[in-house]
Amino acid sequence: MPVTVPAATWPATVQAVLDTLYEAAVLLVPVRGAEGEVTDFRIEAAAPASVDVAGRTGRELVGRRVLECYPTVAGTPLWHGYLETLATGEPFESDLFEYHEVAAGIPRTSTYSVAVARLGDSLVVSWLRHDTADREVERLRRLQHLGNLGWADWDLVADDLSWSPQVYTVFDRDPALGPMPLDELPQHLFPEDVPAVGAAVHALLERGEPVDAPFRIRTGHGTRHLRLVAEAVTDAEGTPVVVHGFFQDLTDLRHGEIALDEAHRAFSTQQRTLNAEHILARRLQRALLPVPEEPFRLGGVSCDVSYLPAESTIQIGGDWFTAVALPDGSVMLAVGDVAGHGVEAVATMAGLRYGAEAMALSGTPPHRLLERLNQVLMNTGSATATMVLAQYRPAEGVLTWAQAGHLPVLHLHAGRATYLERPQGRILGAGRDSVYGLCETPLPPGDRLLLFTDGLIERRGQDLDTGLAGLARVAERVATEDRTRVAAVLTHALGPANPRDDTCLLSVRICP
């Protein structure tokens, strides 16, 4: 039978979880009148992005009443949603609604969507603001915070070393001291981390072997968890002459993983917390994978994305996409799918997505990039994943791509849809000896590519070949009828989505 957990036991644990989120969320405890009726809610925990009409944020809200912080919410459909979820335990997700407030004497109207779940005798409430300008600013802030990395280059011949400003922040190092020589790095590590990192740096400098090494350092602000990713450029004799790489600060992510892991273990003993974990993990997923609402252009391509979450309340998957303009004028395109569900899948998804972007920016070709990501998953032993990764060079009109056990790419040319022949490559995390092939495909203006995850075509009682054939038929019709929002129209045209899995579709059109 369900277990009712006293609200007083949750605030500290929930606060630790909310501190890792980049969207607004609070824990609410009902305040009851003499007859037991709910007259208000008290805020017991709050994520840093939470803000009220008076401008108070995060933990400044703790201890205050909802009707003090958001006075016009009383009597609204949202208020009734709170009460219904508290009474029945059924999660509530609002439609988009306008909220009218007066801030600093100035009337203001904003558009929100809200999700509510019961946690013991309390409510977990999260919300998104949909105002366009604020949303774009917030997305940029999240990307900078989540990436938290800086670039470093070493010219081994000229003995010239350069750091981007962010590297000094990562190391908590005074810029007046200049960059740190690479062979000096082991002196700043925890003693336990020195052998592995020292060996990796030695192999990089002596033999040109790539490095992807986590390590810890002590700074004036405490322990930091960092990561070094670097590759060497060698001369004709194979001697390293230049090293390109980046340092990434994983401290916040590591603390978030610890908090989420502790919260997950605590929640797993209580059946009632499944819905709350779903809401928190879904919000974390959305923070790590913001989906653009409109088509966007990068270099010589126009991209359009459709992302549909699974209908199941616990099947939060690791489907993801990315499209990044590279320094040489080309564009990286990728879609992937992490095996499994829940917070672990979301965390692995984030690592693959941001790792792929960072390595692509450093000039790593698609098949070598897959080799590096495969080694990352093999070293962590955390999961397996499929992935298709491509680089389009507008100046040449050529697509170079590789794949790791992923579904084929659909190519639309002159009104006909055909699947590109897949190069060699098995799923990431399946074996250290995995080899990934590379293919090139010319793409004239007007052609379109569809990169997608299996949720788009998998249906109960239907084999994979049937699903792929059906997608090709529908794509030929949809791509002709609609030139702007192909991804959303195509996803809808294929019928009801797979309820057990997320669905991700990246549509890419070659521009003149």
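Computed from a predicted model, the values in this text were never measured in an experiment.
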*Asks:* What distance separates Q248 CD from L228 CG, expressed to the nearest 0.5 Å?
*Replies:*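 Interatomic distance, Q248 CD to L228 CG, rounded to 0.5 Å: 11.0 Å.
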*Asks:* Just by distance, do the side chain of E23 and the backbone of A49 share a donor-acceptor pair under 3.5 Å?
*Replies:*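 Side chain of E23 to backbone of A49, a donor-acceptor pair under 3.5 Å: no, none is there.
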*Asks:* T251 side chain to H225 main-chain N or O, any donor-acceptor pair under 3.5 Å?
*Replies:*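 Yes, T251 side chain to H225 backbone: donor-acceptor pair under 3.5 Å.
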*Asks:* Hey, does V335 have a side-chain heavy atom less than 4.5 Å from the side chain of F452?
*Replies:*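 Not touching, per the 4.5 Å side-chain cut-off.
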*Asks:* Looking only at non-hydrogen atoms, find the nearest pair between I427 and N374 and report the distance.
*Replies:*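 Heavy-atom minimum between the residues: O-OD1, 4.1 Å.
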*Asks:* Which heavy-atom pair separates S330 from Q391 by the least distance, and what is that distance?
*Replies:*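 Result for this residue pair: OG-NE2, 2.8 Å.
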*Asks:* In Å, rounded to the nearest 0.5 Å, how long is the span from OG1 of T384 to CG of L377?
*Replies:*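 One gets 8.0 Å once the value is rounded to the nearest 0.5 Å.
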*Asks:* Strictly distance-based, threshold 3.5 Å: is any side-chain N or O of T386 a donor or acceptor partner for the main-chain N or O of G405?
*Replies:*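 No, T386 side chain to G405 backbone: no donor-acceptor pair under 3.5 Å.
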*Asks:* Between V508 and S302, does a side chain to side chain contact (heavy atoms under 4.5 Å, CB included) hold up when you go through it step by step?
*Replies:* CA-CA 6 Å; V508 181; S302 176; over 6 Å; no
*Asks:* Side-chain contact test, heavy atoms from C-beta onward, threshold under 4.5 Å: evaluate it for V73 versus L67 and give yes or no.
*Replies:*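 Contact flag for V73/L67 side chains = yes.
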*Asks:* Check whether any side-chain heavy atom of L456 sits under 4.5 Å from a side-chain heavy atom of L471, and report yes or no.
*Replies:*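 With C-beta onward as the side chain, the pair touches.
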*Asks:* Walk me through it: do W163 and F171 pass the test ring pair (Phe, Tyr, Trp, His ring centres under 6.0 Å)?
*Replies:* CA-CA 11 Å; W163 276 7; F171 276 90; 5.4 Å; yes
*Asks:* So do V114 and V116 actually touch side chain to side chain, heavy atoms under 4.5 Å?
*Replies:*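 V116 vs V114: side chains touch.
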*Asks:* Does D304 come within less than 4.0 Å of R509, counting only side-chain N to carboxylate O?
*Replies:*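 Not counted as a salt bridge, because no side-chain N and carboxylate O are separated by less than 4.0 Å.
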*Asks:* Would you say the side-chain atoms of T85 pair up with the backbone N or O of G81, donor to acceptor, closer than 3.5 Å?
*Replies:*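 Yes, the answer is positive, given that a donor and an acceptor are paired below the 3.5 Å cut-off.
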*Asks:* Work out which heavy atom in V170 is nearest to a heavy atom in I217; give both atom names and the distance.
*Replies:*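 For V170 versus I217, the nearest heavy atoms are O-CD1, 4.5 Å.
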*Asks:* List in chain and number order the residues that pass side-chain contact (heavy atoms from CB on, under 4.5 Å) with D95, two or more places apart in sequence or in another chain; answer none if no residue qualifies.
*Replies:*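 For D95, no residue satisfies side-chain contact (heavy atoms from CB on, under 4.5 Å) once neighbours in sequence are set aside.
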*Asks:* Would you sort out whether E90 and R118 count as a side chain to side chain contact (heavy atoms under 4.5 Å, CB included), showing the intermediate values?
*Replies:* CA-CA 7 Å; E90 290 297 321; R118 194 171 74 183; over 6 Å; no
*Asks:* Just verifying a value: how many Å separate L505 CG and F321 CZ, rounded to the nearest 0.5 Å?
*Replies:*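 With rounding to 0.5 Å, CG (L505) is 10.5 Å from CZ (F321).
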*Asks:* Tell me every residue that passes side-chain contact (heavy atoms from CB on, under 4.5 Å) with D172, counting only those two or more places apart in sequence or in another chain.
*Replies:*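 D172: side-chain contact (heavy atoms from CB on, under 4.5 Å) contacts with T219, H221, R224.
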*Asks:* Between V338 and A383, what is the shortest heavy-atom contact and its length?
*Replies:*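 Shortest heavy-atom contact: CG1-CB, 4.1 Å.
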*Asks:* How many angstroms lie between atom OG of S50 and atom CG of L18, to the nearest 0.5 angstrom?
*Replies:*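 So the OG of S50 and the CG of L18 are separated by 7.0 Å.
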*Asks:* Quick one: does V62's side chain get under 4.5 Å of R64's, heavy atoms only?
*Replies:*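 No. Closest side-chain heavy atoms not under 4.5 Å.
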*Asks:* Between C69 and R56, which heavy-atom pair has the shortest distance, and what is it?
*Replies:*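 Here C69 and R56 meet closest at SG-NH2, 4.3 Å.
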*Asks:* Could you check whether D319 and T453, counting side-chain N and O atoms only, form a donor-acceptor pair closer than 3.5 Å?
*Replies:*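 Per modelled atom types, T453 and D319 side chains form a pair under 3.5 Å.
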*Asks:* How many angstroms lie between CG in D337 and CG in L428, if you round to the nearest 0.5 Å?
*Replies:*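 Rounded to the nearest 0.5 Å, the CG-CG separation comes to 11.0 Å.
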*Asks:* Which is it for L298 and V324 under the side chain to side chain contact (heavy atoms under 4.5 Å, CB included) test, yes or no, and what are the steps along the way?
*Replies:* CA-CA 7 Å; L298 293 173; V324 177; 5.7 Å; no
*Asks:* Ignoring hydrogens and geometry beyond distance, is a side-chain donor-acceptor pair present between N379 and Q375 at under 3.5 Å?
*Replies:*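 Per modelled atom types, N379 and Q375 side chains form no pair under 3.5 Å.
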*Asks:* For E60, check salt bridge (Lys or Arg N to Asp or Glu O under 4.0 Å) against everything at least two apart and list the hits.
*Replies:*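 Salt bridge (Lys or Arg N to Asp or Glu O under 4.0 Å) check on E60 returns nothing, list empty.
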*Asks:* Is there a donor-acceptor pair under 3.5 Å between the side chain of T88 and the backbone N or O of E84?
*Replies:*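 Side chain of T88 to backbone of E84: a pair is present.
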*Asks:* For a 4.5 angstrom cut-off between non-hydrogen side-chain atoms, does L407 reach D454?
*Replies:*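 Yes, side chains in contact.
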*Asks:* Is any side-chain heavy atom of R65 closer than 4.5 Å to one of I43?
*Replies:*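 With C-beta onward as the side chain, the pair stays apart.
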*Asks:* Any side-chain donor-acceptor pair under 3.5 Å between T39 and R32?
*Replies:*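 Distance-only check fails for T39 and R32.
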*Asks:* Do S126 side-chain atoms and A25 backbone N/O form a donor-acceptor pair below 3.5 Å?
*Replies:*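 Answer holds: no.
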*Asks:* Can you list the residues that meet the side-chain contact (heavy atoms from CB on, under 4.5 Å) rule with D193, with sequence neighbours excluded?
*Replies:*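 Testing D193 for side-chain contact (heavy atoms from CB on, under 4.5 Å), a comparison that skips the adjacent residues, returns L189, F190, F215, R216.
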*Asks:* Let me confirm one number: the CG-CG distance from L119 to L28, rounded to the nearest 0.5 Å.
*Replies:*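 Rounded to the nearest 0.5 Å, the CG-CG separation comes to 11.0 Å.
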*Asks:* For W79, enumerate each residue passing the ring-ring contact (aromatic ring centres under 6.0 Å, His included) test, keeping only those at least two apart in sequence or located in another chain.
*Replies:*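 Only F41 meet the ring-ring contact (aromatic ring centres under 6.0 Å, His included) criterion with W79.
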*Asks:* Side chains of M332 and E357, heavy atoms from C-beta outward: is any pair under 4.5 Å?
*Replies:*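 Sidechains of E357 and M332: in contact.
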*Asks:* Closest heavy-atom contact between V51 and Y70?
*Replies:*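 Looking at all heavy atoms of both residues, the closest pair is O-OH, 3.1 Å.
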*Asks:* Who pairs with R42 by side-chain hydrogen bond (donor to acceptor under 3.5 Å, both in side chains), at least two apart in sequence or on another chain?
*Replies:*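 Applying side-chain hydrogen bond (donor to acceptor under 3.5 Å, both in side chains) to R42 gives E44.
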*Asks:* Side chain to side chain contact (heavy atoms under 4.5 Å, CB included) between S122 and L86: does it pass, once the steps are laid out?
*Replies:* CA-CA 7 Å; S122 307; L86 187 63; over 6 Å; no
